[in-house]
Amino acid sequence: MKSGNDFFEQVWQVVALIPHGRVTSYGAIARYLGSAQASRTVGYAMNASHASTVKIPAHRVVNRNGLLTGKNWFGGPDVMQQLLESEGMIIENDKIVDFEKRFWDPNKELTV
DNA sequence: AACTTGACGGTCA
DNA sequence: ATGACCGCCAAGT
């Protein structure tokens, strides 16, 4: 049937599993899928998340620095930050404070 | 059909 | 410690 959508669907699946008040990185998701260096593709999947019927909390996904790289993709440069703060997250200078503590690793939590 | 770009990450110089 | 390049997968032009 369809081909190539597997990667995106898996990414959406993992992102949808991110607990409230937690965040993860593109690389962590990519690694969970088996392609640690395909992190850019993960970000691309986020961009295509609107195509998914599932609700994708993309605001909980940031780069490995905890920086809100895709904040500009939420319809506003501050929307992503507002969403994260709304979940108890602390954002400073477009960066997640205590990112390590808020970090949610699918490989670790889901135990592949 | 081919080349370039993209919400990243890691390694090398 | 800082800067630059390569690798990965898919989509857009």
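Excluded from the calculations below are hydrogen atoms, water molecules and symmetry mates; all remaining heavy atoms, backbone and side chain alike, are included. Throughout, protein chains are lettered first and strands after them, A, B, ... in sequence-line order, and every chain is numbered starting at 1.
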**OP:** Start with the C-alpha gap between A:Lys71 and A:Asp78, add the side-chain angles, then the distance that decides, and say whether salt bridge (Lys or Arg N to Asp or Glu O under 4.0 Å) holds.
**Re:** CA-CA 7 Å; A:Lys71 64 171 186 167; A:Asp78 293 309; 5.6 Å; no
Using whole Å, what does the distance between atom [atom2] of nucleotide [N] and atom [atom1] of [X] come to?
X: A:Phe8; N: C:dA10; atom1: CZ; atom2: P; answer: 7 Å
X: A:Asn65; N: B:dC8; atom1: CG; atom2: P; answer: 10 Å
X: A:Arg64; N: B:dC8; atom1: CZ; atom2: P; answer: 13 Å
X: A:Arg40; N: B:dA7; atom1: CZ; atom2: P; answer: 9 Å
X: A:Ile29; N: B:dC8; atom1: CD1; atom2: C1'; answer: 11 Å
X: A:Tyr26; N: C:dG7; atom1: OH; atom2: P; answer: 23 Å
X: A:Leu68; N: B:dA7; atom1: CG; atom2: P; answer: 14 Å
X: A:Met46; N: C:dC8; atom1: CE; atom2: P; answer: 22 Å

Subject >> Sugar-phosphate only, base, or nothing, as touched by A:Asn47 at under 4.0 Å among non-hydrogen atoms >> reply: base
**OP:** Answer with base, sugar-phosphate or nothing: what part of the nucleic acid does A:Ala48 contact at a heavy-atom distance below 4.0 Å?
**Re:** nothing
Original post:
With both distances under 3.5 Å as the test, what is the Watson-Crick or G-U wobble partner of B:dA7?
Top reply: none
Starting the side chain at C-beta, find the nucleotide from [options] nearest to [X].
X: A:Phe7; options: C:dA10, B:dA7, C:dC8; result: C:dA10
X: A:Gln37; options: B:dA7, C:dC9, B:dG9; result: B:dG9
X: A:Thr41; options: C:dC9, B:dA7, C:dG7; result: C:dC9

Original post:
Any salt bridge between A:Lys101 and A:Asp98, counting N to O under 4.0 Å?
Top reply: yes
Subject >> Where A:Phe99 and A:Arg64 come nearest, the two heavy atoms and their spacing >> reply: CE2-O, 3.5 Å
**OP:** Consider only side-chain N and O atoms of A:His59 and A:Glu87, and report whether a donor and an acceptor are under 3.5 Å apart.
**Re:** yes
**OP:** Quote, to the nearest angstrom, the P distance that separates C:dC5 from B:dT4.
**Re:** 16 Å
Original post:
Ignoring hydrogens and geometry, is there a side-chain-to-backbone donor-acceptor pair from A:Glu109 to A:Asp105 under 3.5 Å?
Top reply: no
